[in-house]
S.K.: 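Provided herewith is a single structure, encoded as structure tokens, for subsequent inquiry.
Treat the numbers as computed from the prediction; the structure is a model and nothing was measured.
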Amino acid sequence: MDKGGLAVEIVGRYRVSPPPKTVPPTSLPLTFFDIPWLFFSPTQPLFFYDYPYPTSHFLSTALRPLIHSLSLTLQHFFALAATLVFPPHSSNPPFIVYDRSNFVSLVVAQSTADFHHLCSNHQRCINDFYPLLPPLPSGEQKETQTPLLAAQITIFSNVGVCIGFAYHNVVADGRSFNSFIKTWASLFKDPSSCSVNSSLLPFYDRTAIKDSYGLQSIFLNHWRKRRSSTNMVIGVSDKNLDSAMVRATFFMCPDDMEKIKGWIVGRCKVKNMEQPPRLTPSNLTCAYVWVCLIKSHEKVNGKLTGKNPSYFGFNAGGITRLGYPVPAAYFGNCIAFARTMATQSELSGEDGIIVAADAIGNRVKELDEAFLEGAENWISEWGEFYGSDLEPHVMVFGSPKLDFYETDFGWGKARRIEEISMDNAKGKAVWFTQSRDVKGGIEVGVALPKPKMDAFTCFFTQLLPHH
């Protein structure tokens, strides 16, 4: 079967549920942190692992234990086996329902594609990755019930395995999903251990999140208005993605970050400027990537005159910022949508990195001081990111704080992790994750039309202005 890009052959389809009679029927309301994700298409991470055995070996020795350990994992993470239910009357908010008929769809496939090419850092066509993703409905209003998670295991005989997911963020943020996949990996790796790491076990009590600002009703009103329009889901996978788009991975190691920081601090002293706040590794990487993207946009599209704004969006964790305790194992969403702005001319100027670092650092400082200030605008602000192609806005998904590379099924660290859903932002999104090999480093996944990727590569590898 050809799913576009490269051929995969489906060798099995499974419906995986928690073990019988282990989870009672359960209903979970959406909190105000969950509702904005109703507007987005599913998140689609791919985990590539070395597996130097033939397909027959995988099917005879690994597949059944993988299915069994996934079932045991869903006993705890039952919300991922649940469905998102849209009540017939649009005045009622959607909610998550688990009952005993629910399951996670698991596709098993094999591929003769070049595993090492897919796992490399250099440019690869975005279409090569879609066959590795499981199908999952986007959650548009036509469906009354939408599954929240699907998985696909693709075997590259004698070389490797790719485990691909599609999950709706409305059920879980990256932190919660990380706990799920870590639990699955540990139960598969050590089947004799019946106990699960208690720090990973999900905490479902929605009363842990307090809606002090009435955000739930504001967000639901946004959703009801959008629901009647044809474009309910932002960034939904479509067939109009530019097939000339390529994806590549870039690295920022601690030495690079220190160089950028040193340059900013020195330049501010020389120019008697105030130093940007919060010059953390992540913020420095954000600033550098933002400037490289603006410069590559201008190189390809030509300079835009005047004070054209460029917005920079990112997610910020709320577990420690809400001013009241939320259990670290809380399962659901607890992240803010944050946005900051600078003009293109400032960003592409000789002090662009300082401008970017200042804008990002100040926005993070505001979040630290008043996490939900301006939250009523999250949905409208993030919707604008998918507007005109002429406006080079940038969104960062993922987080280098999440240790996805430590997810070990017994095959060692993942060879590569990719996030495919950022393609839907058509060149406006990048994905951050913790570096596989360098402690404190950050991997930056980028998907761009090829001319912009060539320009971005050029700017990124120059790494630092040489003034």
S.K.: Less than 4.5 Å apart, side chain to side chain, heavy atoms only: is that true for F48 and L132?
M.R.: yes
S.K.: Test V170 against every option in I35, T146, L38 by the side-chain contact (heavy atoms from CB on, under 4.5 Å) rule and name the one that passes.
M.R.: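 Single pass found, and it is L38.
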S.K.: Has the side chain of E419 got a donor or acceptor atom that lies under 3.5 Å from a matching backbone atom of Q44?
M.R.: yes
S.K.: Is the number of heavy atoms from other residues, nucleotides or ligands within 6.0 Å of CD (E373) greater than 12?
M.R.: no
S.K.: Are the ring centres of F460 and Y288 closer than 6.0 Å?
M.R.: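 F460 vs Y288: aromatic centres under 6.0 Å.
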S.K.: Under a 4.5 Å cut-off applied to non-hydrogen side-chain atoms, are W382 and F40 in contact?
M.R.: yes
S.K.: Could you work out, with side-chain contact (heavy atoms from CB on, under 4.5 Å) as the rule, every residue matching P29, not counting sequence neighbours?
M.R.: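 Residues passing side-chain contact (heavy atoms from CB on, under 4.5 Å) with P29: R206.
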S.K.: When you compare the side chain of F180 with that of L70, does any pair of heavy atoms fall below 4.5 Å?
M.R.: yes
S.K.: Passes side-chain hydrogen bond (donor to acceptor under 3.5 Å, both in side chains), K182 versus T407? Steps please.
M.R.: CA-CA 5 Å; K182 289 279 192 306; T407 308; 3.1 Å; yes
S.K.: Test your reading of the model: is there a side-chain donor-acceptor pair from D114 to the backbone of H116, 3.5 Å cut-off?
M.R.: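 Such a contact is found between D114 side chain and H116 backbone.
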S.K.: For the rings on F432 and F314, is their centre-to-centre separation under 6.0 Å?
M.R.: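 Centroid separation for F432 and F314: 6.0 Å or greater.
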S.K.: Is the closest side-chain heavy-atom distance between V289 and F250 below 4.5 Å?
M.R.: no
S.K.: Step through the shown structure and confirm whether more than 12 heavy atoms of other residues, nucleotides or ligands are within 6.0 Å of CD on E274.
M.R.: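 Incorrect, the count does not exceed 12.
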S.K.: I'd like to know if the side chain of R124 and the backbone of H122 have a donor-acceptor N/O pair within less than 3.5 Å.
M.R.: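 Yes; at least one donor-acceptor contact below 3.5 Å.
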S.K.: Ignoring hydrogens and geometry, is there a side-chain-to-backbone donor-acceptor pair from E443 to E418 under 3.5 Å?
M.R.: no
S.K.: For a ring pair (Phe, Tyr, Trp, His ring centres under 6.0 Å) with H393, tell me which candidate from W290, Y311, F312 qualifies.
M.R.: Y311
S.K.: Is it the case that the side chain of E298 and the backbone of S345 share a donor-acceptor pair, with hydrogens and angles ignored and the cut-off at 3.5 Å?
M.R.: no
S.K.: Donor-acceptor pair, N169 side chain versus W37 backbone, under 3.5 Å?
M.R.: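 Such a contact is absent between N169 side chain and W37 backbone.
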S.K.: When you measure from the side chain of D358 to the backbone N and O of I354, does any donor-acceptor pair fall under 3.5 Å?
M.R.: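 A pair under 3.5 Å: no.
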S.K.: Atom CG in L448, atom CG in D423: separation rounded to 0.5 Å?
M.R.: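 It is 10.0 Å, given to the nearest 0.5 Å.
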S.K.: Are side-chain heavy atoms of M252 and L284 found at a separation under 4.5 Å?
M.R.: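 The answer is no; the side chains never approach within 4.5 Å.
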S.K.: Hey, are the side chains of Y167 and V104 touching, using non-hydrogen atoms and a 4.5 Å cut-off?
M.R.: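 In short, these two side chains do not touch, never coming nearer than 4.5 Å.
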S.K.: Count the heavy atoms belonging to other residues, nucleotides or ligands that lie under 6.0 Å from NZ of K401, then report whether that count exceeds 12.
M.R.: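 No - once you tally the heavy atoms of other residues, nucleotides and ligands closer than 6.0 Å, there are 12 at most.
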S.K.: Scan L293, V300, N301, I294 and name whichever one has a side-chain contact (heavy atoms from CB on, under 4.5 Å) with P392.
M.R.: I294
S.K.: Under a 4.0 Å N-O cut-off, is there an ion pair linking K259 with D255?
M.R.: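 D255 and K259: not salt-bridged.
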S.K.: Whether R247 engages the ring of F129 as a cation-pi pair (distance to the six-membered ring centre under 6.0 angstrom, angle to the ring normal within 45°) should be assessed.
M.R.: yes
S.K.: Taking side-chain contact (heavy atoms from CB on, under 4.5 Å) as the definition, give me every residue that meets it alongside E381, ordered by chain and number, with sequence neighbours left out.
M.R.: R339, N377
S.K.: Run the side-chain contact (heavy atoms from CB on, under 4.5 Å) test against S176 and tell me which residues pass, sequence neighbours left out.
M.R.: A172, D173, F331
S.K.: Are T340 and N362 packed together at the side-chain level, in the sense that at least one heavy-atom pair is separated by less than 4.5 angstrom?
M.R.: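 Heavy-atom side-chain distance check fails, nothing below 4.5 Å.
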S.K.: Looking at E366 and R363, is any side-chain nitrogen of the basic one under 4.0 Å from a carboxylate oxygen of the acidic one?
M.R.: yes
S.K.: Tell me, do F251 and N121 make a side-chain contact under 4.5 Å, heavy atoms counted?
M.R.: yes
S.K.: Give the ring-plane orientation class for F32 versus F219, where under 30° counts as parallel, over 60° as perpendicular and anything between as tilted.
M.R.: tilted
S.K.: Within the side chain of W184, is there an N or O that forms a donor-acceptor pair under 3.5 Å with the backbone of T73?
M.R.: no
S.K.: Does the R175 side chain pair with the main chain of Y330, one donor and one acceptor, at a distance under 3.5 Å?
M.R.: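 Yes: the side chain of R175 pairs with the backbone of Y330.
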